[in-house]
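The structure appears below as structure tokens.
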Amino acid sequence: MTPTVSEQIGKNFLELIDHIRAIRNDLVDPAVGHVTFPQLKVLRVLAAHPDGMKLKELAGELKLTPGTVSTAINLMVRQGLLERSPNPVDRRAVAIRLTERGRCCRDAHFRFWHTVMGGVLREIPPEDRQTFIDVLEKINGGLQKHNG
């Protein structure tokens, strides 16, 4: 039986993620730290908030429950990627911030992304790249309606 369009897209997305993960694990220096895609998202969000964020704010931005984010934060603190410190505005609260190691890890993974993906995308004609971007934006927009 011929796979449906959604099955073909799903298969290709999963393969894409597997390829990216495998190449990333080969090219990113293990001393920097291998992080999961969800952890990389935490690093990206916190990099935009140098003064740190409260757990509840971070969970809201990530669209996850505070319990889920707390578990991830605990692991990332043990890995030396994040730190908890007193919140300068609210002494009862804790600010979650990137450590220097967390910043280096984030930067290394984004350099990887730009280098490897930039090289792969150069092999695709510019008009196809734009079509790909347009389709991804439509998919993300459609999924956001279901998630919102």
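Nothing fancy with the numbering, it's 1 onward along the sequence.
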Does one hydrophobic cluster hold both [X] and [Y], with members joined at side-chain heavy-atom distances below 4.5 Å?
X      : Y      : value
Val120 : Ile133 : no
Phe13  : Ile124 : no
Leu121 : Trp113 : no
Leu136 : Met117 : yes
Val45  : Val94  : no

Can you see which heavy atom on [X] is nearest to which on [Y], and at what distance?
X      : Y      : result
Ile73  : Val42  : CD1-CG1, 4.1 Å
Arg101 : Gln79  : NH1-O, 2.6 Å
Met53  : His49  : SD-ND1, 3.4 Å
Cys105 : Val35  : SG-CG1, 3.7 Å
Leu40  : Arg106 : CD1-CA, 4.4 Å
Pro3   : Glu7   : CA-OE1, 3.2 Å

Within a reach of under 6.0 Å around CZ of Phe132, are more than 12 heavy atoms found that belong to other residues, nucleotides or ligands? no
If only side-chain N and O atoms count, and only distance matters, is there a donor-acceptor pair under 3.5 Å linking Gln8 with Asn12? no
side-chain contact (heavy atoms from CB on, under 4.5 Å) assessment of Lys41 paired with Thr36: CA-CA 9 Å; Lys41 190 172 179 182; Thr36 64; over 6 Å; no
Could you check if a side-chain atom of Arg78 sits within less than 4.5 angstrom of a side-chain atom of Asn74, using non-hydrogen atoms only? yes
Would you call Val77 and Glu83 a side-chain contact if the rule is heavy atoms closer than 4.5 Å? no
Supply the atom-to-atom distance [X] [atom1] to [Y] [atom2], rounded to the nearest 0.5 angstrom.
X      : Y      : atom1 : atom2 : result
Cys104 : Leu43  : SG    : CG    : 11.0 Å
Leu46  : Glu57  : CG    : CD    : 10.5 Å
Lys145 : Asn140 : NZ    : CG    : 12.5 Å

